[in-house]
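Presented below is the structure to which this report refers.
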Amino acid sequence: LKSFLQPFFATFLIILFVLVMQALWLAFENFAGKGISLGIILKFLWYTTLLMAPQALPIGVLLSSIMTLGSLSENYEFAATKSAGISLPRMVRPLVILTIFLSAVNFVFLNNVYPYAMLKQLNMKVNIKKKQPSIALVAGSFNTELPKFQIKFDEKYGEDDNLLKKVMIYDLSDQKGNNKIITAEKGKIISNEGSRYMTLILENGYYFEHHKRNRASYEEKQKMPASYAAFDEYTINIDISSLSGGDLEEEKYKTQYNMLSLAQLKDTLPIMKKNYDDYIISRAKNIFLSIDIENLHSDSLVNKKLSSNILDNFNLREKQYVISNAKTKVERSISSNKSNKRKLKKKRKYLNLYDIEFYNRVAFSLSCLLLFFIGAPLGSIIRKGGMGLPMILAIAIYVLYFFSNTFGRNLAEESSLTAIAGSWLSVFLMLPLAITLTIRASKDKGLFDFKTFITPLTNFFKNTFSKKEKTT
């Protein structure tokens, strides 16, 4: 145990440090230039550490198991124990018990600490973004975070990321819809710390406003005047006092799938599935009613004067009306079905996220045990300790496990696999490797024994040629 625990704690802390620094680097732009206190940054770092610990634990188990068993094999300690009549399974039994304990700890961590840390970190990240909304603006889509304005631009650049290209703004301050539209070639955002206003300076653009009177009919709205003007520079002051204030630790989002424990997910899933089924039933009823199927019925009295071709029973004008009406209804149904398909797919995907999270918590907690049964026999086979070859093998194996897990979750998210199959896909793929390596290590065989493949082939050819010689 001592030879295992020393490299385990060392590798676990190193890997955890690397994962936390990577996450902090990705989130660095959320803190830069916003006057965030050191205490808030340390809290964010602590929550990130709690989130990364379940990922670092399996890597630490895998790497330390390869290093420990490889070092014992390299120093011929396995040979000594085997000569004393102690088998490999018996020798690693304490490590197996320890790994089962670590898997249990990982499960408890994933079920209790991870949701809490995710809730705190995500809400803190959202609140930090609101502290300076200019940083939160995203290129390529309409940004609705700013009160009474919707802003879209193609690119954000500059040293402070405050310069914009190809800007389009909907001014909704009059609460009459997007009647005011402003476009510009360039824009610049000025937002001083502590100020309740964010200034947007636009260059080389156009201003359009459609003047509409309240409660006017559609025909009257079409006749109302509109204003149109070009400008070299135009300044807009946006009141962001409603965003810049508030507590950075305020918890607004509490029911996201990765913020719930298994018990909470178990209670939430039946309600979500019932709502999803009710939505499908309601859409099916709407489709049924939209095609007026209840008006179709068979008449017991057959009128022999009517033609079997329905359109032949109408004159030309009536035919045109029937065809036009049918075409309109079909096009409307197709458009409605396409829209409902996108909405249904979005709802199903949202439901799948909760379903996948439920099964993945259990599957991922067992990764410590699974990766140990890959690393321990692999270390005894390669007979190499230290941080060189074991580190390379551990990274390669974990990358394979991580990508198979991500691949399975993505398939399940898109409903290509069931939630349980997608969550356990990595286990199903890696389990045969663990069993094979364990069997070969127990029988003291190498990683690849070419004799097992070559010997049957040579024997086959020898027997074949010997029979030919006897017949001749």
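Side chains are part of it too, since the values below use all heavy atoms of this structure and drop only hydrogens, waters and symmetry mates.
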Problem set entry | Gap between atom CG of N360 and atom OG of S365 - 0.5 Å precision | 9.0 Å

Exercise. Roughly how far, to the nearest 0.5 Å, is OH of Y257 from CD1 of I356?
Worked result: 8.5 Å

Problem set entry | More than 12 heavy atoms of other groups within 6.0 Å of F402 CZ | no

Problem set entry | Test side-chain contact (heavy atoms from CB on, under 4.5 Å) applied to K156 and I189, step by step | CA-CA 10 Å; K156 185 165 62 172; I189 298 173; 5.5 Å; no

Exercise. How many angstroms lie between CH2 in W424 and CG in L431, if you round to the nearest 0.5 Å?
Worked result: 10.0 Å

Exercise. Does the side chain of E414 reach to within under 4.5 Å of the side chain of K345, using non-hydrogen atoms?
Worked result: yes

Problem set entry | K188 versus L163, closest heavy-atom pair with distance | CG-CD2, 3.7 Å

Problem set entry | L57 side chain reached by F8 side chain, heavy atoms, under 4.5 Å | yes

Seminar exercise, completed: Note: E413 and N352 closest approach over all heavy atoms is O-ND2, 3.1 Å

Problem set entry | Heavy-atom pair of closest approach, residues M52 and A23 | CE-CB, 3.8 Å

Problem set entry | Cationic N near anionic O, under 4.0 Å, K165 to E185 | no

Exercise. About how many Å separate CG of L351 and CG of N275, when rounded to the nearest 0.5 Å?
Worked result: 9.5 Å

Exercise. Without hydrogens or angle criteria, can the side chains of R409 and N405 be said to hold a donor-acceptor pair below 3.5 Å?
Worked result: no

Exercise. Would a 4.5 Å heavy-atom cut-off, applied to side chains only, mark T199 and T235 as touching?
Worked result: yes

Exercise. Are side-chain heavy atoms of Y398 and L63 found at a separation under 4.5 Å?
Worked result: no

Exercise. Between K273 and D277, is there a side-chain N and carboxylate O pair less than 4.0 Å apart?
Worked result: no

Problem set entry | Side-chain donor or acceptor of S423 paired with backbone N/O of I420 under 3.5 Å | no

Problem set entry | Close side-chain approach of L50 to K120, heavy-atom, < 4.5 Å | no

Exercise. Closest heavy-atom contact between A184 and E203?
Worked result: CB-O, 3.6 Å

For this session: Indicate the atoms forming the closest heavy-atom contact of A412 with T418, along with that distance.
Result: CB-O, 3.7 Å

Exercise. Does a side-chain heavy-atom distance below 4.5 Å link L353 with Q256?
Worked result: no

For a quick test of your reading: what N or O donor-acceptor pairs under 3.5 Å do the side chains of residues 94-112 make, sequence neighbours left out?
residue: T99; atom: OG1; partner: L95; partner atom: O; Å: 2.7
residue: S103; atom: OG; partner: T99; partner atom: O; Å: 3.1
residue: S103; atom: OG; partner: L369; partner atom: N; Å: 3.3
residue: N111; atom: OD1; partner: L262; partner atom: N; Å: 2.7
residue: N112; atom: ND2; partner: V108; partner atom: O; Å: 3.0

For this session: Could you tell me whether Y157 atom OH has more than 12 heavy atoms of other residues or ligands within 6.0 Å of it?
Result: yes

Exercise. What heavy-atom pair brings G187 and V167 nearest, and what distance separates the two atoms?
Worked result: N-CG2, 4.2 Å

Problem set entry | Interatomic spacing from OG in S64 to CZ in F9 - rounded to 0.5 Å | 10.0 Å

Problem set entry | Check: S65 main-chain N/O paired with T68 side-chain donor or acceptor under 3.5 Å | no

For this session: Evaluate the side-chain proximity of D267 to Q264: yes if any heavy-atom separation is below 4.5 Å, no if none is.
Result: no

For this session: Compare all side-chain heavy atoms of L45 with those of L24 and state whether any distance is below 4.5 angstrom.
Result: yes

Problem set entry | Over 12 non-hydrogen atoms of neighbours within 6.0 angstrom of CE in M272 | yes

Exercise. Can you list the steps and then say if L437 with F373 is a side-chain contact (heavy atoms from CB on, under 4.5 Å)?
Worked result: CA-CA 8 Å; L437 290 174; F373 278 105; over 6 Å; no

Problem set entry | From L16 atom CG to T48 atom OG1, the distance as rounded to the nearest 0.5 Å | 10.5 Å

For this session: Evaluate the criterion side-chain contact (heavy atoms from CB on, under 4.5 Å) for residue pair F372 and L62; output intermediate values, then yes/no.
Result: CA-CA 5 Å; F372 173 79; L62 175 63; over 6 Å; no

For this session: I would like to know whether L200 and I151 meet side-chain contact (heavy atoms from CB on, under 4.5 Å); could you show each step before the answer?
Result: CA-CA 11 Å; L200 187 59; I151 299 177; 4.0 Å; yes

For this session: Specify whether F364 and Y401 have parallel, tilted or perpendicular ring planes, treating 30° as the upper limit for parallel and 60° as the lower limit for perpendicular.
Result: tilted

